[in-house]
Amino acid sequence: MHDLRLVREQMHLLRDGFARRGKLDTLGPILDRLEGLEKERRALITAVEERKARRNVMTQDVAQKKRVGEDVTELVAESRSVGAEIARLEADLTATESTVHGLMLELPNITRDGVPAGDESHNAIVRSWGTPRDATGVRPHWDVAGELGIVDLARGAKISGSGFIVYRGLGARLVRSLINLMLDTHTSEHGYEETWVPLVVNRTSMTGTGQLPKFEDDMYALHGDVGFLISTAEVPVTNLYRDEILDAADLPKALTAYSACFRKEAGAAGKDTRGLLRVHEFDKVELVRYAAPDESDAELERLSGHAEAILRKLELPYRVLLLAAGDTGFASTKTYDLEVWAPGVGKWLEVSSCSSFGDFQARRMNIRYRPSPGEKPRLVHTLNGSGLALPRIIAALIEHGQHPDGSIAIPAALQSYLGTARLG
RNA sequence: GGAGGGAUGGCCGAGAGGCUGAAGGCACCGGUUUGCUAAACCGGCGUACUGGGAAACUGGUACCGAGGGUUCGAAUCCCUCUCUCUCCGCCA
């Protein structure tokens with residue numbers, strides 16, 4: 001969420017930002033509406049407070065007069081009528097405020113300097129690593145994995161539905177191995193604290209990180225309004241410090257978590273949905289960082305570096321994209337996507353999205369830090385990224401390590417976890 | 001699931017319709033003293049919104065878990081909800 005002050009004093013920043021996202025058509029009218037509502041809101045505040053001040057004086061007067069035994073019936077009557085006026089104005093104020101707040105929650109973040117304007121065709125490759133394997137003769141992972149018996153798509157669909165995966169044998173162990181490799185690396189080499197968080201969160205948490213109110217259709221809601229299945233561990237982990245004040249000495253704070261992630265992806269059927277490419281439930285190791293504002297740029301580089309380190313350990317060729325404004329997520333100021341090359345499907349697959357949110361999430365969650373003792377608390381900056389999402393990594397491993405006989409070479413870093421150097 | 005207790009500032013903790021933004025303590029900040037550290041003493045010390053001001057600052061309003069109600073006036077009385085603790089039952 002943006003500071004309301006922007007609506008009042010820096011409207012052009014919002015307009016420019018939304019224009020870079022290509023969203024001015026839909027968001028421009030909302031800004032116009034907000035501008036008027038904000039004026040109205042402040043006028044109502046002034047009106048209400050003026051009357052409250054008056055009533056407070058009268059109320060003191062009543063107490064005073066009663067003490068000396070004077071008649072107060074007239075004063076009480078006047079105070080009562082001011083009270084009625086206050087009630088009326090406050091009802092207006094509450095309505096206006098909730099409209100303003102609702103609209104503010106729907107405004108996306110604005111991207112920071114250096115992020116290209118426009119849609120995804122303006123995404124920029126900022127670096128790459130490794131040599132993408134030639135696609136000729138490499139079969140897609142769903143064929144090979146099926147033959148090897150490590151992934152069972154048919155039974156996953158039977159017991160849960162399409163987009164739910166059953167891993168078996170070394171496939172199941174591969175999932176566990178990848179999770180362990182990632183968590184071990186992030187905790188012992190990158191300094192993250194390991195956490196284990198609930199997979200169910202409440203509406204407040206979902207709103208805090210920005211999934212709500214806009215994307216309710218994309219997630220699984222539990223019956224009886226008791227919560228949602230998380231779409232990413234970002235939600236519980238980032239909400240860990242909601243409504244808290246951190247010490248400056250605690251920053252940057254680095255947290256990692258493995259979790260299952262659940263996504264309905266309504267309307268996403270059709271493209272790129274085969275095999276492990278897009279599924280409703282998947283496993284992911286997430287990285288979350290809280291940083292002081294002047295550190296958040298450097299922190300984003302660190303964070304994506306930590307995710308990249310996993311790809312290098314897995315010996316998977318990848319490239320790093322700086323997303324254009326129009327492709328950058330709702331809450332993000334700047335996002336790097338990490339994509340691995342999958343020769344079997346002949347595509348670059350997004351396996352991590354590393355974002356810096358500025359104070360956008362922190363304002364929604366009221367997460368602050370005290371720069372130094374005695375100073376006023378300030379909003380922290382939050383960042384997160386996958387480190388990494390498993391299904392597409394598994395797809396890439398199967399395709400990249402594929403031998404002509406259908407067996408798969410396992411990268412050295414993973415062998416001790418998996419207990420073997422090849423599958424099949 | 002049943003029965004009770006509780007929720008007050010960064011933390012602990014008083015307060016029981018008006019004189020309470022809230023005693024006292026801890027922590028923190030500034031100062032005095034001190035060979036250093038500690039201690040002692042003095043002073044300061046919440047947040048948000050809103051008005052005025054270039055700013056320092058200053059006027060106002062609100063905030064005692066959340067929301068509603070009673071009242072001229074609510075931290076204090078009433079209702080609902082949330083969370084928490086203790087005990088009983090059930091269960092992994």
Side-chain angles (χ1 to χ4, degrees), chain A residues 1-10 34-105 196-208 212 222 224-228 236 239-251 253 290 292 359-360 362-380:
Chain A
M1 189 163 66
H2 293 289
D3 192 335
L4 243 189
R5 245 183 298 260
L6 285 184
V7 168
R8 214 146 65 212
E9 296 162 10
Q10 308 255 262
L34 267 171
E35 202 162 28
L37 283 167
E38 169 60 5
K39 280 208 187 87
E40 196 179 316
R41 185 183 73 91
R42 286 193 299 155
L44 283 166
I45 287 172
T46 309
V48 166
E49 290 189 349
E50 183 269 326
R51 282 157 185 81
K52 281 187 173 173
R54 244 161 60 203
R55 183 178 66 182
N56 285 346
V57 170
M58 285 189 261
T59 281
Q60 288 308 307
D61 228 17
V62 170
Q64 185 65 37
K65 290 204 159 112
K66 272 198 164 176
R67 232 167 283 147
V68 296
E70 281 185 47
D71 177 58
V72 294
T73 49
E74 201 170 308
L75 247 185
V76 164
E78 192 185 344
S79 176
R80 186 182 291 151
S81 89
V82 172
E85 219 176 321
I86 290 171
R88 226 174 37 243
L89 287 165
E90 266 190 334
D92 285 355
L93 178 60
T94 307
T96 306
E97 274 177 340
S98 95
T99 307
V100 167
H101 189 243
L103 291 174
M104 289 301 284
L105 283 179
W196 189 277
V197 291
L199 305 180
V200 172
V201 296
N202 56 33
R203 187 169 282 276
T204 308
S205 294
M206 280 293 190
T207 306
L212 288 179
L222 269 34
D225 205 22
V226 290
F228 302 88
N239 272 279
L240 238 30
Y241 291 95
R242 170 149 47 84
D243 292 319
E244 295 193 35
I245 299 173
L246 302 168
D247 279 339
D250 293 336
L251 300 178
K253 195 176 259 302
Y290 295 81
D359 61 14
F360 189 88
R363 185 171 292 106
R364 287 174 166 237
M365 285 180 284
N366 192 28
I367 304 177
R368 296 171 296 167
Y369 77 106
R370 209 178 286 280
S372 62
E375 236 185 298
K376 279 191 153 197
R378 296 184 58 187
L379 293 171
V380 299

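Within every chain, numbering begins at 1; the chains are lettered A, B, ... in the order of the sequence lines, protein sequences first and strands thereafter. Owing to the predicted nature of the structure, the values given are computational and were not obtained by experimental measurement.
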Choose from B:rU50, B:rC72, B:rA48 the nucleotide whose nearest atom is closest to any side-chain atom of A:S79.
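The answer is B:rC72.
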Output the single nucleotide from B:rU47, B:rG18, B:rC72 whose closest atom is nearest the side chain of A:V76.
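The answer is B:rC72.
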Mark up nucleotides 59-68 of chain B, 5' to 3', with B wherever a protein heavy atom is under 4.0 angstrom from a base atom, S wherever such an atom reaches only the sugar-phosphate, and - elsewhere.
-BBS------
Give one of base, sugar-phosphate or nothing for A:R8, where a contact means two heavy atoms less than 4.0 Å apart.
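Sugar-phosphate only.
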Quote, to the nearest angstrom, the [atom1] distance that separates [N] from [M].
| N | M | atom1 | answer |
| --- | --- | --- | --- |
| B:rC45 | B:rG30 | P | 15 Å |
| B:rG6 | B:rG31 | C1' | 41 Å |
| B:rC91 | B:rA75 | P | 47 Å |
| B:rA22 | B:rC79 | C1' | 26 Å |
| B:rC29 | B:rG15 | P | 31 Å |
| B:rC83 | B:rC28 | C1' | 29 Å |

Can you tell me which stems RNA chain B forms, taking runs of 3 or more consecutive Watson-Crick or G-U pairs with both distances under 3.5 Å?
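Stems found: B:1-7 with B:82-88, B:10-12 with B:24-26, B:28-32 with B:40-44, B:46-52 with B:57-63, B:65-69 with B:77-81.
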Euclidean distance, A:E244 CD relative to A:M365 CE, rounded to 0.5 Å:
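Here the interatomic distance stands at 11.5 Å.
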Quick check for you: to the nearest 0.5 Å, what is the distance between A:L212 atom CG and A:N202 atom CG?
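Between A:L212 CG and A:N202 CG, I get 10.0 Å after rounding to 0.5 Å.
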Roughly how many Å is it from CG in A:N366 to C1' in B:rG10, rounded to a whole number?
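Answer to the nearest Å: 14 Å.
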Please determine whether a side-chain nitrogen or oxygen atom of A:R42 lies at a distance below 4.0 Å from atom OP1 or OP2 of B:rC49.
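False: A:R42 side-chain N/O out of range (4.0 Å or more) of B:rC49 OP1/OP2.
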